[in-house]
Amino acid sequence: MRPDTHSLIGAYVLDALTTAERSDFEDHLDHCAACRGELAGLRTAAAALAPPAQQPPAALRMRVLAATTQVAQQRRPPRPYARFAAAAAAVVLTAGAAFGIRAWTDDRPPSAADVFVADDAVTHTLGSAAGPVRVATSADTGYAAIDLRRLEHPSLGQRYQIWWIDTGEPRSVAVGTDLALVPLRDGALAVSVEPAGGSPQPTSDPIVVAPIGG
Amino acid sequence: MLRSVPATTASDHPSALLRAVGRGDRAAFDALYDELAPGVFGLAVRLVRDPGLAEDVTQEAFIDVWRRAPRFDPARGSARTWVLTIAHRRAVDLIRQLESRRLRESQATAEHEEPEDTASQAVRHTDVHRCLSALTPLQREAVELAYYQGLTYAQVAGRLDRPLPTIKTRMRDGLIRLRDCLGGSYAA
(Lines give C-alpha, C1' and ligand atoms only; values in the text may rest on other atoms or scores of the structure.)
Protein backbone atom coordinates (compact mmCIF):
# COMPACT_ATOMS: atom_id res chain seq x y z
CA MET A 1 0.00 0.00 0.00
CA ARG A 2 1.34 3.41 -0.88
CA PRO A 3 2.29 5.32 2.25
CA ASP A 4 0.18 8.32 1.29
CA THR A 5 -3.02 6.34 0.83
CA HIS A 6 -4.27 7.27 4.25
CA SER A 7 -4.23 10.96 3.40
CA LEU A 8 -6.90 10.26 0.77
CA ILE A 9 -9.44 9.74 3.54
CA GLY A 10 -10.76 13.31 3.25
CA ALA A 11 -11.28 12.98 -0.49
CA TYR A 12 -12.86 9.58 0.09
CA VAL A 13 -15.35 10.95 2.60
CA LEU A 14 -16.22 13.80 0.22
CA ASP A 15 -16.73 11.30 -2.66
CA ALA A 16 -13.91 13.11 -4.46
CA LEU A 17 -12.11 9.96 -5.64
CA THR A 18 -12.56 8.27 -8.99
CA THR A 19 -14.18 4.83 -8.99
CA ALA A 20 -10.80 3.10 -9.19
CA GLU A 21 -9.28 5.23 -6.43
CA ARG A 22 -12.34 4.63 -4.27
CA SER A 23 -11.97 0.89 -4.70
CA ASP A 24 -8.27 1.04 -3.82
CA PHE A 25 -9.02 3.11 -0.77
CA GLU A 26 -11.67 0.65 0.40
CA ASP A 27 -9.10 -2.13 0.11
CA HIS A 28 -6.81 0.03 2.25
CA LEU A 29 -9.62 0.51 4.80
CA ASP A 30 -9.82 -3.25 5.25
CA HIS A 31 -6.32 -3.28 6.63
CA CYS A 32 -6.30 0.03 8.49
CA ALA A 33 -8.15 0.13 11.79
CA ALA A 34 -7.01 3.72 12.35
CA CYS A 35 -8.67 4.75 9.08
CA ARG A 36 -11.94 3.11 10.04
CA GLY A 37 -11.82 4.91 13.35
CA GLU A 38 -11.23 8.25 11.66
CA LEU A 39 -13.88 7.59 9.04
CA ALA A 40 -16.89 7.86 11.36
CA GLY A 41 -15.99 11.32 12.62
CA LEU A 42 -15.19 12.69 9.19
CA ARG A 43 -18.42 11.33 7.75
CA THR A 44 -20.38 13.00 10.52
CA ALA A 45 -18.61 16.28 9.72
CA ALA A 46 -19.30 15.92 6.00
CA ALA A 47 -22.98 15.09 6.57
CA ALA A 48 -23.29 18.27 8.62
CA LEU A 49 -22.64 20.15 5.36
CA ALA A 50 -25.93 18.91 3.91
CA PRO A 51 -28.09 21.77 2.65
CA PRO A 52 -31.59 22.46 3.98
CA ALA A 53 -34.18 19.74 3.69
CA GLN A 54 -36.70 20.00 0.91
CA GLN A 55 -39.97 18.08 0.73
CA PRO A 56 -39.86 15.64 -2.21
CA PRO A 57 -42.98 15.10 -4.36
CA ALA A 58 -45.53 12.77 -2.74
CA ALA A 59 -45.48 10.45 -5.77
CA LEU A 60 -41.82 9.69 -5.13
CA ARG A 61 -42.70 8.10 -1.81
CA MET A 62 -44.94 5.53 -3.46
CA ARG A 63 -42.35 4.79 -6.13
CA VAL A 64 -39.63 4.24 -3.56
CA LEU A 65 -41.74 2.03 -1.33
CA ALA A 66 -42.89 -0.01 -4.34
CA ALA A 67 -39.35 -0.34 -5.70
CA THR A 68 -37.96 -1.72 -2.48
CA THR A 69 -40.45 -4.57 -2.46
CA GLN A 70 -38.46 -5.90 -5.44
CA VAL A 71 -35.11 -5.65 -3.70
CA ALA A 72 -33.57 -8.18 -1.34
CA GLN A 73 -31.66 -6.96 1.68
CA GLN A 74 -28.01 -7.75 2.16
CA ARG A 75 -28.33 -9.87 5.26
CA ARG A 76 -24.67 -10.25 6.10
CA PRO A 77 -22.87 -7.52 7.98
CA PRO A 78 -20.14 -7.27 5.34
CA ARG A 79 -17.31 -5.46 7.00
CA PRO A 80 -16.31 -8.09 9.51
CA TYR A 81 -17.73 -10.98 7.59
CA ALA A 82 -17.46 -10.52 3.84
CA ARG A 83 -14.07 -8.87 4.18
CA PHE A 84 -13.09 -11.94 6.09
CA ALA A 85 -14.42 -13.95 3.20
CA ALA A 86 -12.20 -12.04 0.81
CA ALA A 87 -9.18 -12.64 3.00
CA ALA A 88 -10.03 -16.29 3.41
CA ALA A 89 -10.47 -16.68 -0.33
CA ALA A 90 -6.99 -15.25 -0.82
CA VAL A 91 -5.65 -17.82 1.62
CA VAL A 92 -7.32 -20.58 -0.33
CA LEU A 93 -5.76 -19.35 -3.53
CA THR A 94 -2.24 -18.93 -2.23
CA ALA A 95 -1.74 -21.46 0.51
CA GLY A 96 -4.49 -23.99 0.09
CA ALA A 97 -7.35 -24.43 2.47
CA ALA A 98 -6.00 -23.65 5.91
CA PHE A 99 -9.26 -22.94 7.63
CA GLY A 100 -12.89 -22.32 6.96
CA ILE A 101 -16.22 -21.92 8.58
CA ARG A 102 -18.56 -24.82 8.23
CA ALA A 103 -21.52 -22.56 8.67
CA TRP A 104 -23.61 -24.71 6.35
CA THR A 105 -23.62 -27.49 8.91
CA ASP A 106 -25.81 -25.18 10.97
CA ASP A 107 -29.51 -25.65 10.52
CA ARG A 108 -29.57 -22.95 7.90
CA PRO A 109 -28.51 -23.01 4.26
CA PRO A 110 -25.13 -21.46 3.43
CA SER A 111 -24.86 -17.86 2.34
CA ALA A 112 -22.82 -16.77 -0.65
CA ALA A 113 -20.14 -15.62 1.80
CA ASP A 114 -20.04 -19.12 3.30
CA VAL A 115 -19.32 -20.53 -0.14
CA PHE A 116 -16.39 -18.13 -0.61
CA VAL A 117 -14.82 -19.20 2.70
CA ALA A 118 -15.50 -22.92 2.40
CA ASP A 119 -12.46 -25.17 2.89
CA ASP A 120 -12.72 -26.49 -0.63
CA ALA A 121 -13.79 -23.23 -2.31
CA VAL A 122 -12.29 -22.63 -5.73
CA THR A 123 -12.51 -18.97 -6.63
CA HIS A 124 -11.99 -17.17 -9.90
CA THR A 125 -12.01 -13.52 -10.78
CA LEU A 126 -13.42 -12.68 -14.18
CA GLY A 127 -13.05 -9.34 -15.92
CA SER A 128 -16.02 -7.44 -17.28
CA ALA A 129 -16.56 -4.01 -18.77
CA ALA A 130 -17.99 -2.89 -15.42
CA GLY A 131 -15.25 -4.37 -13.24
CA PRO A 132 -14.15 -7.66 -11.72
CA VAL A 133 -16.62 -10.41 -10.79
CA ARG A 134 -15.65 -13.16 -8.37
CA VAL A 135 -17.07 -16.66 -8.53
CA ALA A 136 -16.58 -19.50 -6.04
CA THR A 137 -17.59 -23.13 -6.22
CA SER A 138 -17.58 -25.48 -3.26
CA ALA A 139 -18.57 -29.12 -3.34
CA ASP A 140 -18.61 -29.22 0.47
CA THR A 141 -21.40 -26.68 0.60
CA GLY A 142 -22.94 -27.88 -2.66
CA TYR A 143 -23.20 -24.33 -3.96
CA ALA A 144 -21.63 -21.88 -6.40
CA ALA A 145 -21.57 -18.19 -5.46
CA ILE A 146 -20.98 -14.94 -7.30
CA ASP A 147 -19.77 -11.61 -5.92
CA LEU A 148 -20.56 -8.37 -7.78
CA ARG A 149 -19.31 -5.96 -5.16
CA ARG A 150 -16.40 -4.76 -7.25
CA LEU A 151 -18.60 -3.76 -10.17
CA GLU A 152 -19.35 -0.12 -10.82
CA HIS A 153 -22.81 1.01 -9.80
CA PRO A 154 -25.21 0.44 -12.69
CA SER A 155 -26.76 3.53 -14.25
CA LEU A 156 -29.73 5.03 -12.49
CA GLY A 157 -32.86 2.95 -12.93
CA GLN A 158 -30.84 -0.15 -13.80
CA ARG A 159 -29.72 -3.19 -11.85
CA TYR A 160 -27.41 -6.09 -12.31
CA GLN A 161 -29.42 -9.26 -12.72
CA ILE A 162 -27.80 -12.63 -12.14
CA TRP A 163 -28.86 -15.58 -14.29
CA TRP A 164 -28.41 -19.31 -14.24
CA ILE A 165 -27.88 -20.78 -17.68
CA ASP A 166 -27.94 -24.47 -18.52
CA THR A 167 -29.79 -26.25 -21.27
CA GLY A 168 -33.03 -24.23 -21.18
CA GLU A 169 -33.77 -20.54 -21.05
CA PRO A 170 -31.79 -18.39 -18.61
CA ARG A 171 -33.35 -18.38 -15.17
CA SER A 172 -33.21 -15.34 -12.92
CA VAL A 173 -31.21 -15.91 -9.73
CA ALA A 174 -31.25 -12.42 -8.23
CA VAL A 175 -31.78 -8.76 -9.10
CA GLY A 176 -29.94 -5.88 -7.53
CA THR A 177 -27.92 -7.90 -5.05
CA ASP A 178 -24.15 -8.06 -4.80
CA LEU A 179 -23.88 -11.66 -3.66
CA ALA A 180 -25.89 -14.67 -4.82
CA LEU A 181 -25.57 -18.42 -4.85
CA VAL A 182 -27.00 -21.38 -6.75
CA PRO A 183 -26.91 -25.14 -6.13
CA LEU A 184 -23.78 -26.58 -7.69
CA ARG A 185 -24.38 -28.29 -11.02
CA ASP A 186 -23.25 -27.95 -14.63
CA GLY A 187 -24.10 -24.64 -16.24
CA ALA A 188 -23.06 -21.02 -16.02
CA LEU A 189 -23.75 -17.92 -13.97
CA ALA A 190 -24.21 -14.78 -16.03
CA VAL A 191 -24.80 -11.13 -15.23
CA SER A 192 -26.68 -8.60 -17.35
CA VAL A 193 -27.83 -5.02 -16.90
CA GLU A 194 -31.60 -4.83 -16.59
CA PRO A 195 -34.31 -2.32 -15.59
CA ALA A 196 -34.61 -1.79 -11.84
CA GLY A 197 -37.36 -4.35 -11.28
CA GLY A 198 -35.46 -7.04 -13.17
CA SER A 199 -36.53 -8.83 -16.36
CA PRO A 200 -38.14 -12.24 -16.88
CA GLN A 201 -35.52 -12.92 -19.56
CA PRO A 202 -32.29 -11.04 -20.26
CA THR A 203 -32.79 -7.94 -22.40
CA SER A 204 -29.11 -7.26 -22.94
CA ASP A 205 -25.96 -9.25 -23.57
CA PRO A 206 -24.34 -10.55 -20.40
CA ILE A 207 -21.39 -8.52 -19.15
CA VAL A 208 -19.86 -11.73 -17.83
CA VAL A 209 -20.50 -15.48 -18.09
CA ALA A 210 -18.90 -17.82 -15.57
CA PRO A 211 -19.00 -21.53 -16.37
CA ILE A 212 -19.77 -23.69 -13.32
CA GLY A 213 -18.87 -27.37 -13.15
CA GLY A 214 -21.29 -29.65 -11.31
CA MET B 1 -49.18 1.28 3.76
CA LEU B 2 -49.52 5.01 3.15
CA ARG B 3 -48.94 7.16 6.18
CA SER B 4 -50.04 10.73 5.92
CA VAL B 5 -48.42 11.84 9.16
CA PRO B 6 -44.63 11.89 9.42
CA ALA B 7 -43.25 9.78 12.20
CA THR B 8 -42.08 12.01 14.99
CA THR B 9 -42.33 10.06 18.22
CA ALA B 10 -39.25 9.27 20.25
CA SER B 11 -39.42 5.58 19.43
CA ASP B 12 -39.24 6.55 15.75
CA HIS B 13 -35.79 8.04 16.16
CA PRO B 14 -34.00 7.46 12.83
CA SER B 15 -31.34 5.15 14.25
CA ALA B 16 -33.95 2.96 15.92
CA LEU B 17 -35.95 2.98 12.70
CA LEU B 18 -32.92 2.07 10.63
CA ARG B 19 -32.09 -0.84 12.91
CA ALA B 20 -35.65 -2.06 12.48
CA VAL B 21 -35.33 -1.66 8.70
CA GLY B 22 -32.23 -3.83 8.95
CA ARG B 23 -34.44 -6.57 10.35
CA GLY B 24 -36.71 -6.27 7.29
CA ASP B 25 -39.37 -4.06 8.91
CA ARG B 26 -41.18 -2.32 6.05
CA ALA B 27 -43.27 -0.07 8.28
CA ALA B 28 -40.05 1.22 9.80
CA PHE B 29 -38.72 1.86 6.29
CA ASP B 30 -41.82 3.94 5.49
CA ALA B 31 -41.29 5.95 8.66
CA LEU B 32 -37.58 6.34 7.98
CA TYR B 33 -38.36 7.61 4.52
CA ASP B 34 -40.71 10.22 5.95
CA GLU B 35 -38.06 11.24 8.43
CA LEU B 36 -35.05 11.49 6.14
CA ALA B 37 -36.30 11.87 2.54
CA PRO B 38 -36.52 15.68 2.78
CA GLY B 39 -32.86 15.85 3.80
CA VAL B 40 -31.87 13.46 1.03
CA PHE B 41 -33.95 15.28 -1.55
CA GLY B 42 -32.56 18.67 -0.47
CA LEU B 43 -29.04 17.34 -0.85
CA ALA B 44 -29.82 15.75 -4.22
CA VAL B 45 -31.43 18.90 -5.63
CA ARG B 46 -28.46 20.91 -4.53
CA LEU B 47 -25.95 18.57 -6.15
CA VAL B 48 -27.63 17.56 -9.41
CA ARG B 49 -29.52 20.86 -9.84
CA ASP B 50 -32.53 19.23 -11.45
CA PRO B 51 -35.63 18.17 -9.49
CA GLY B 52 -36.34 15.18 -11.72
CA LEU B 53 -32.82 13.86 -11.44
CA ALA B 54 -32.91 14.59 -7.72
CA GLU B 55 -35.94 12.32 -7.46
CA ASP B 56 -33.95 9.57 -9.19
CA VAL B 57 -31.09 10.06 -6.77
CA THR B 58 -33.46 9.99 -3.80
CA GLN B 59 -35.10 6.80 -5.05
CA GLU B 60 -31.79 5.06 -5.70
CA ALA B 61 -30.42 6.19 -2.35
CA PHE B 62 -33.40 4.79 -0.45
CA ILE B 63 -33.21 1.52 -2.36
CA ASP B 64 -29.58 1.35 -1.23
CA VAL B 65 -30.69 2.16 2.31
CA TRP B 66 -33.16 -0.72 2.22
CA ARG B 67 -30.57 -3.16 0.82
CA ARG B 68 -27.77 -2.17 3.11
CA ALA B 69 -29.73 -1.48 6.30
CA PRO B 70 -28.64 -4.81 7.89
CA ARG B 71 -25.08 -3.43 7.75
CA PHE B 72 -25.91 -0.25 9.66
CA ASP B 73 -23.85 -0.01 12.82
CA PRO B 74 -25.07 2.74 15.17
CA ALA B 75 -21.67 2.74 16.88
CA ARG B 76 -20.18 4.22 13.71
CA GLY B 77 -22.48 7.22 13.40
CA SER B 78 -26.06 8.37 13.21
CA ALA B 79 -28.69 7.08 10.81
CA ARG B 80 -28.89 10.52 9.27
CA THR B 81 -25.17 10.54 8.53
CA TRP B 82 -25.34 7.00 7.14
CA VAL B 83 -28.24 7.83 4.82
CA LEU B 84 -26.77 11.14 3.70
CA THR B 85 -23.45 9.41 2.97
CA ILE B 86 -25.24 6.96 0.67
CA ALA B 87 -27.23 9.76 -0.98
CA HIS B 88 -24.18 11.94 -1.53
CA ARG B 89 -22.33 9.14 -3.26
CA ARG B 90 -25.33 8.43 -5.48
CA ALA B 91 -25.62 12.08 -6.42
CA VAL B 92 -21.90 12.37 -7.15
CA ASP B 93 -21.96 9.21 -9.25
CA LEU B 94 -24.80 10.70 -11.29
CA ILE B 95 -22.95 14.00 -11.72
CA ARG B 96 -19.96 12.07 -13.03
CA GLN B 97 -22.11 10.02 -15.43
CA LEU B 98 -23.79 13.14 -16.77
CA GLU B 99 -20.45 14.86 -17.06
CA SER B 100 -18.85 12.06 -19.06
CA ARG B 101 -21.92 11.85 -21.28
CA ARG B 102 -21.79 15.60 -21.84
CA LEU B 103 -18.09 15.39 -22.63
CA ARG B 104 -18.72 12.64 -25.14
CA GLU B 105 -21.61 14.45 -26.76
CA SER B 106 -20.13 17.91 -27.03
CA GLN B 107 -16.40 17.92 -26.87
CA ALA B 108 -16.22 21.16 -28.79
CA THR B 109 -18.26 23.13 -26.29
CA ALA B 110 -16.34 25.37 -23.95
CA GLU B 111 -16.32 24.29 -20.34
CA HIS B 112 -19.37 25.40 -18.48
CA GLU B 113 -18.47 27.21 -15.30
CA GLU B 114 -20.79 26.46 -12.43
CA PRO B 115 -21.53 29.34 -10.14
CA GLU B 116 -19.41 29.16 -7.04
CA ASP B 117 -21.23 27.88 -4.01
CA THR B 118 -20.93 29.40 -0.64
CA ALA B 119 -21.63 27.69 2.59
CA SER B 120 -23.94 30.48 3.70
CA GLN B 121 -26.31 29.54 0.88
CA ALA B 122 -25.97 25.90 1.57
CA VAL B 123 -25.99 25.29 5.24
CA ARG B 124 -28.81 25.85 7.60
CA HIS B 125 -26.97 25.26 10.85
CA THR B 126 -25.28 28.30 12.28
CA ASP B 127 -22.85 25.97 14.06
CA VAL B 128 -21.77 24.52 10.75
CA HIS B 129 -21.49 27.97 9.22
CA ARG B 130 -19.37 29.16 12.12
CA CYS B 131 -17.15 26.10 11.91
CA LEU B 132 -16.71 26.45 8.16
CA SER B 133 -15.45 29.97 8.75
CA ALA B 134 -12.80 28.49 11.01
CA LEU B 135 -11.31 26.58 8.09
CA THR B 136 -8.51 28.14 6.06
CA PRO B 137 -9.80 29.52 2.75
CA LEU B 138 -8.13 26.69 0.84
CA GLN B 139 -9.48 23.98 3.14
CA ARG B 140 -12.93 25.45 2.82
CA GLU B 141 -12.84 25.80 -0.95
CA ALA B 142 -11.52 22.28 -1.37
CA VAL B 143 -14.19 20.77 0.88
CA GLU B 144 -17.01 22.79 -0.67
CA LEU B 145 -16.07 22.14 -4.30
CA ALA B 146 -16.00 18.42 -3.62
CA TYR B 147 -19.07 18.22 -1.41
CA TYR B 148 -21.44 20.57 -3.27
CA GLN B 149 -20.23 20.15 -6.86
CA GLY B 150 -19.13 16.53 -6.85
CA LEU B 151 -15.67 17.31 -8.22
CA THR B 152 -12.86 14.80 -7.83
CA TYR B 153 -9.86 16.01 -5.87
CA ALA B 154 -7.94 16.14 -9.13
CA GLN B 155 -10.59 18.43 -10.59
CA VAL B 156 -10.51 20.54 -7.44
CA ALA B 157 -6.74 20.80 -7.76
CA GLY B 158 -7.14 21.96 -11.34
CA ARG B 159 -9.86 24.44 -10.46
CA LEU B 160 -7.83 25.92 -7.62
CA ASP B 161 -4.52 25.56 -9.46
CA ARG B 162 -2.86 23.71 -6.58
CA PRO B 163 -0.87 20.45 -6.49
CA LEU B 164 -2.80 17.23 -5.88
CA PRO B 165 -1.12 16.39 -2.55
CA THR B 166 -2.01 19.84 -1.24
CA ILE B 167 -5.66 19.39 -2.11
CA LYS B 168 -6.04 15.95 -0.61
CA THR B 169 -4.35 17.11 2.57
CA ARG B 170 -6.56 20.19 2.77
CA MET B 171 -9.69 18.07 2.33
CA ARG B 172 -8.71 15.85 5.22
CA ASP B 173 -7.53 18.70 7.43
CA GLY B 174 -10.66 20.68 6.64
CA LEU B 175 -12.93 17.81 7.64
CA ILE B 176 -10.92 17.20 10.81
CA ARG B 177 -11.20 20.84 11.77
CA LEU B 178 -14.91 20.79 10.99
CA ARG B 179 -15.37 17.65 13.06
CA ASP B 180 -13.49 19.06 16.01
CA CYS B 181 -15.32 22.37 15.84
CA LEU B 182 -18.75 20.75 15.64
CA GLY B 183 -17.75 18.59 18.57
CA GLY B 184 -20.45 16.92 20.58
CA SER B 185 -23.37 18.60 18.86
CA TYR B 186 -22.91 16.50 15.73
CA ALA B 187 -21.18 13.48 17.11
CA ALA B 188 -22.99 10.26 16.21
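Naming: A, B, ... by sequence-line order, numbering from 1 per chain. The structure displayed is predicted, hence computed values, not measured ones.
- For chain B, the nearby part of A:Glu21 is the side chain; its heavy atoms alone come within less than 4.5 Å.
- No other option in B:Ala91, B:Gly174, B:Ala146 has as many heavy-atom pairs under 4.5 Å with chain A as B:Ala146.
- Proximity of a side-chain donor or acceptor of A:Gln201 to a complementary backbone N or O of A:Pro170 within less than 3.5 Å is detected.
- Panel note: side chain A:Gln70, backbone A:Gly198; no donor-acceptor pair is recorded below 3.5 Å.
- Remark: B:Gln59 engages A:Leu60, A:Arg63, A:Val64, A:Ala67, B:Ile63 in a side-chain contact (heavy atoms from CB on, under 4.5 Å) (not counting sequence neighbours).
- Contact tally against chain A (heavy-atom pairs below 4.5 Å) for B:Phe29, B:Phe62, B:Phe72: the top residue is B:Phe29.
- Residue B:Arg170 does not touch chain A at all, counting heavy-atom pairs closer than 4.5 Å.
- Proximity to chain A involves both the backbone and the side chain of B:Glu55, based on heavy atoms less than 4.5 angstrom apart.
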Yes or no on salt bridge (charged side-chain N to carboxylate O under 4.0 Å, His left out) for B:Asp127 and B:Arg130, after CA distance, side-chain angles and deciding distance? CA-CA 5 Å; B:Asp127 276 354; B:Arg130 175 177 58 78; 3.6 Å; yes
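- Under the 30°/60° scheme for interplanar angles, the aromatic rings of B:Tyr147 and B:His88 are found to lie parallel.
- Ion pairing of B:Asp34 with A:Arg61 is present here, as a side-chain N (NZ or NE/NH1/NH2) and a carboxylate O approach within less than 4.0 Å.
- When heavy atoms are compared at a cutoff of 4.5 Å, B:Leu84 approaches chain A solely by way of its side chain, counted from C-beta outward.
- Here B:Gly22 is the residue among B:Ala69, B:Gly22, B:Gly39, B:Gly150 with the most heavy-atom pairs under 4.5 Å with chain A.
- Between the CZ atom in A:Arg43 and the CD atom in A:Glu38 there is a gap of 12.0 Å [rounded to 0.5 Å].
- Distance alone, capped at 3.5 Å, is enough to place a donor-acceptor pair between the B:Ser15 side chain and the B:Ala79 backbone.
- There is no contact between A:Thr19 and chain B, counting heavy-atom distances below 4.5 Å.
- Contacts between A:Ala72 and chain B at a heavy-atom distance below 4.5 Å involve the backbone alone (N, CA, C, O).
- Ranked by non-hydrogen atom pairs under 4.5 Å with chain B, the options A:Gly37, A:Ala16, A:Gly10 are led by A:Ala16.
- Using a 4.5 Å cut-off between heavy atoms, A:Ile9 touches chain B through its side chain atoms alone.
- There is no contact between B:Val40 and chain A, counting heavy-atom distances below 4.5 Å.
- Note on A:Asp15 versus B:Arg89: salt bridge recorded, some NZ/NE/NH1/NH2 to OD/OE distance being below 4.0 Å.
- Here CD of A:Glu26 is found 11.0 Å from CZ of A:Arg149. Values are rounded to the nearest 0.5 Å.
- With a threshold of 4.5 angstrom between heavy atoms, B:Asp93 approaches chain A through side-chain atoms but not through N, CA, C or O.
- Of the listed residues (B:Val45, B:Leu47, B:Leu151, B:Val156), the one with the most heavy-atom contacts under 4.5 Å to chain A is B:Val45.
- Residue contact with chain A, scored on non-hydrogen atoms closer than 4.5 Å, involves the backbone of B:Arg23 exclusively.
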